[in-house]
Amino acid sequence: MKTFFFDSIYNTQEFALKELSSEPIFVTSFSQEKGKGTSNREWLNADQAIACSLALFEEQIKIAHTLIPLVAGFAFVKVFQDIDLTLKWPNDIIFNEKKVGGILVQKVEDKICIGMGVNYFWETPSVPNAGSIFNTHQDDTKLKDDAENWAKQLEGMLKNNNFDLDEYKSRLQTIGKLVEYPEGRGWAEDINEDGSLQIKTVDEKIINLTSPLITEVN
């Protein structure tokens, strides 16, 4: 894995995809000039944050591609063994009921790029329901180390197909909740082997969601 670090960069995803030629590329930056969230939302820089992107060739990944957002989030919560981070299906990192991070997966031709942005300190979040892991600035070295540990764990899970779905579900807050999605609402019952969310609708039908556009009601 070839690693690059920047204090600031236009976009980690674009850089990683451009640099990928053989070995995986990992890019880390404290801020992005034009970061992106899911559904093409703009990613706003917190007071202290880390933005990362890991790019690999499609053939290097040995798990179902639909699992990648789940694996990426899970790899980060494993870095924080002493802090109770949880996950919201499929791509949000949660702390104290606030979103502190997110995962963005892009496929460009035969390349897969997994991006992650995490708020370490944000005194006054300008986004509803956003938060940060800490209430004070952290040493910059910690952010770099956490990002590198995330990338190593993620690369290992993707290449070795050793993702434990049951362990992932133990860190997931979505199961058991009433959720709303574009077509209706229902209760999140389980995560399927392909990473889709199993929903029991209000009229007691079982459906499987793949779209990340859900809102937790309770």
Can you check whether Thr201's main-chain N or O pairs, donor with acceptor, with Glu204's side chain at less than 3.5 Å?
no

Under the salt bridge (charged side-chain N to carboxylate O under 4.0 Å, His left out) test, residues paired with Asp84 that sit two or more places apart
none

Is there a side-chain contact between Trp150 and Phe26 (heavy atoms, below 4.5 Å)?
yes

Whether Lys62 side chain and Glu59 backbone form a donor-acceptor pair below 3.5 Å
yes

Is atom CD of Glu123 surrounded by more than 12 heavy atoms (other residues, nucleotides or ligands) closer than 6.0 Å?
no

Show your reasoning for whether salt bridge (charged side-chain N to carboxylate O under 4.0 Å, His left out) applies to Asp145 and Lys142.
CA-CA 5 Å; Asp145 290 346; Lys142 173 175 175 51; over 6 Å; no

Which residues, ordered by chain and number, are linked to Val27 in its hydrophobic cluster, where ILVMFWY side chains connect at heavy-atom gaps below 4.5 Å, directly or through other members?
Phe4, Phe6, Ile9, Phe15, Leu20, Ile25, Phe57

Ignoring hydrogens and angles, tell me if any N or O in the side chain of Gln173 forms a donor-acceptor pair with the backbone of Arg171 under 3.5 Å.
no

List the steps and the verdict of side-chain hydrogen bond (donor to acceptor under 3.5 Å, both in side chains) for Ser31 and Ser8.
CA-CA 5 Å; Ser31 67; Ser8 180; 3.2 Å; yes

Any heavy-atom pair between the side chains of Ile199 and Val179 that's under 4.5 Å?
yes

Quick test of your reading: applying ring-ring contact (aromatic ring centres under 6.0 Å, His included), list the pairs with at least one residue in residues 152-175, sequence neighbours left out, ordered by first then second residue.
Phe74-Phe163, Phe163-Tyr168

Is a side-chain donor or acceptor of Trp89 paired with a backbone partner of Gly195 at a separation under 3.5 angstrom?
yes

Any donor-acceptor pair under 3.5 Å linking the side chain of Asp139 with the backbone of Thr141?
yes

Taking the inter-plane angle between the rings of His137 and Phe121 on a 0 to 90° scale, is it parallel (under 30°), tilted (30 to 60°) or perpendicular (over 60°)?
tilted

Under 4.0 Å between a side-chain nitrogen and a carboxylate oxygen: does that hold for Glu148 and Lys144?
no

